[in-house]
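One structure is given here, and the rest of the page talks about it.
Positions are given from 1 along the sequence. From a predicted model like this one, the values you see are computed outputs, not experimental measurements.
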Amino acid sequence: VQLQASGGGSVQAGGSLRLSCVASGHNFTNYPMGWFRQAPGKEREFVAATSWVGSLKYVQDSVKGRFIISRDNAKNTLYLQMNSLKPDDTAIYYCAASGSGTWSIRRAASLHEYDHWGQGTLVTVSS
């Protein structure tokens, strides 16, 4: 599966953005999906994940209540609605698909569960 992320940009603190990730090449519903981010000089970290049809979702504590992950399987698209953005949210955001066959909510935060990655979209939040 190929992934194309978009929707990044520059916003002021308190603003909102919605990231999209369009999948192509394989049946989108075969893949649990996740969002990760990487800030300058830091390791890539988990943000949020959703199961095959979106019935299960897991969000990192630092974005809980501000970020919402969703998917539209009819459109082969994963979303990340980001509200109340903070400067600490500044990073390149990556979408990822898990074809590992071992994905579960307990393992959703692990980078090793994901074997397909999009190119990333930059989010910059200014104070």
Gap between atom [atom2] of [Y] and atom [atom1] of [X] - 0.5 Å precision:
X: Ser100; Y: Arg107; atom1: OG; atom2: CZ; result: 7.0 Å
X: Tyr114; Y: Arg44; atom1: OH; atom2: CZ; result: 12.5 Å
X: Tyr58; Y: Ser104; atom1: OH; atom2: OG; result: 10.5 Å
X: Gln2; Y: His116; atom1: CD; atom2: NE2; result: 8.5 Å
X: Arg106; Y: Glu113; atom1: CZ; atom2: CD; result: 13.5 Å
X: Cys21; Y: Asn76; atom1: SG; atom2: CG; result: 10.5 Å

*Can you get from Val22 to Tyr94 by hopping between Ile, Leu, Val, Met, Phe, Trp and Tyr side chains that sit under 4.5 Å apart?*
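As far as the 4.5 Å side-chain criterion goes, Tyr94 and Val22 are not connected within one cluster.
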
*Tell me, which pairs form a side-chain hydrogen bond (donor to acceptor under 3.5 Å, both in side chains) where one or both residues lie in residues 118-127, sequence neighbours left out?*
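Listed by first then second residue: nothing to list.
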
*Please examine the side chains of Arg66 and Lys86, heavy atoms only from C-beta on, and report whether any two atoms are closer than 4.5 Å.*
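With C-beta onward as the side chain, the pair touches.
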
*Is the shortest heavy-atom distance from the side chain of Trp103 to the side chain of Ser51 under 4.5 Å?*
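Yes, their side chains come closer than 4.5 Å.
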
_Remaining members of the apolar cluster that contains Tyr79, side-chain heavy atoms under 4.5 Å_ =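 Its cluster mates, by chain and number: none.
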
*Output the rest of the hydrophobic cluster of Val47: all Ile, Leu, Val, Met, Phe, Trp and Tyr residues reachable through side-chain heavy-atom contacts under 4.5 Å, sorted by chain and number.*
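Under the 4.5 Å side-chain rule, Val47 groups with Val1, Leu3, Val11, Leu17, Leu19, Phe28, Tyr31, Met33, Trp35, Val59, Val63, Phe67, Ile69, Leu78, Leu80, Met82, Leu85, Tyr93, Val123, Val125.
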
_Under 3.5 Å donor-acceptor, Asn73 side chain and Thr29 backbone_ =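 It does not hold such a pair.
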
*asked:* Main chain of Ala13, side chain of Asp89: is a donor-acceptor contact present, judged purely on distance under 3.5 Å?
replied: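 Flag not set: sc Asp89 to bb Ala13 has no pair under 3.5 Å.
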
*So, for Gln81 and Ser16, which heavy atoms are closest and what is the spacing to 0.1 Å?*
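Heavy atoms of Gln81 and Ser16 come nearest at NE2-CB, 4.0 Å.
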
_Heavy-atom closest contact (Gly54 atom, Arg71 atom, distance)_ =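 Heavy-atom minimum between the residues: N-CD, 3.8 Å.
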
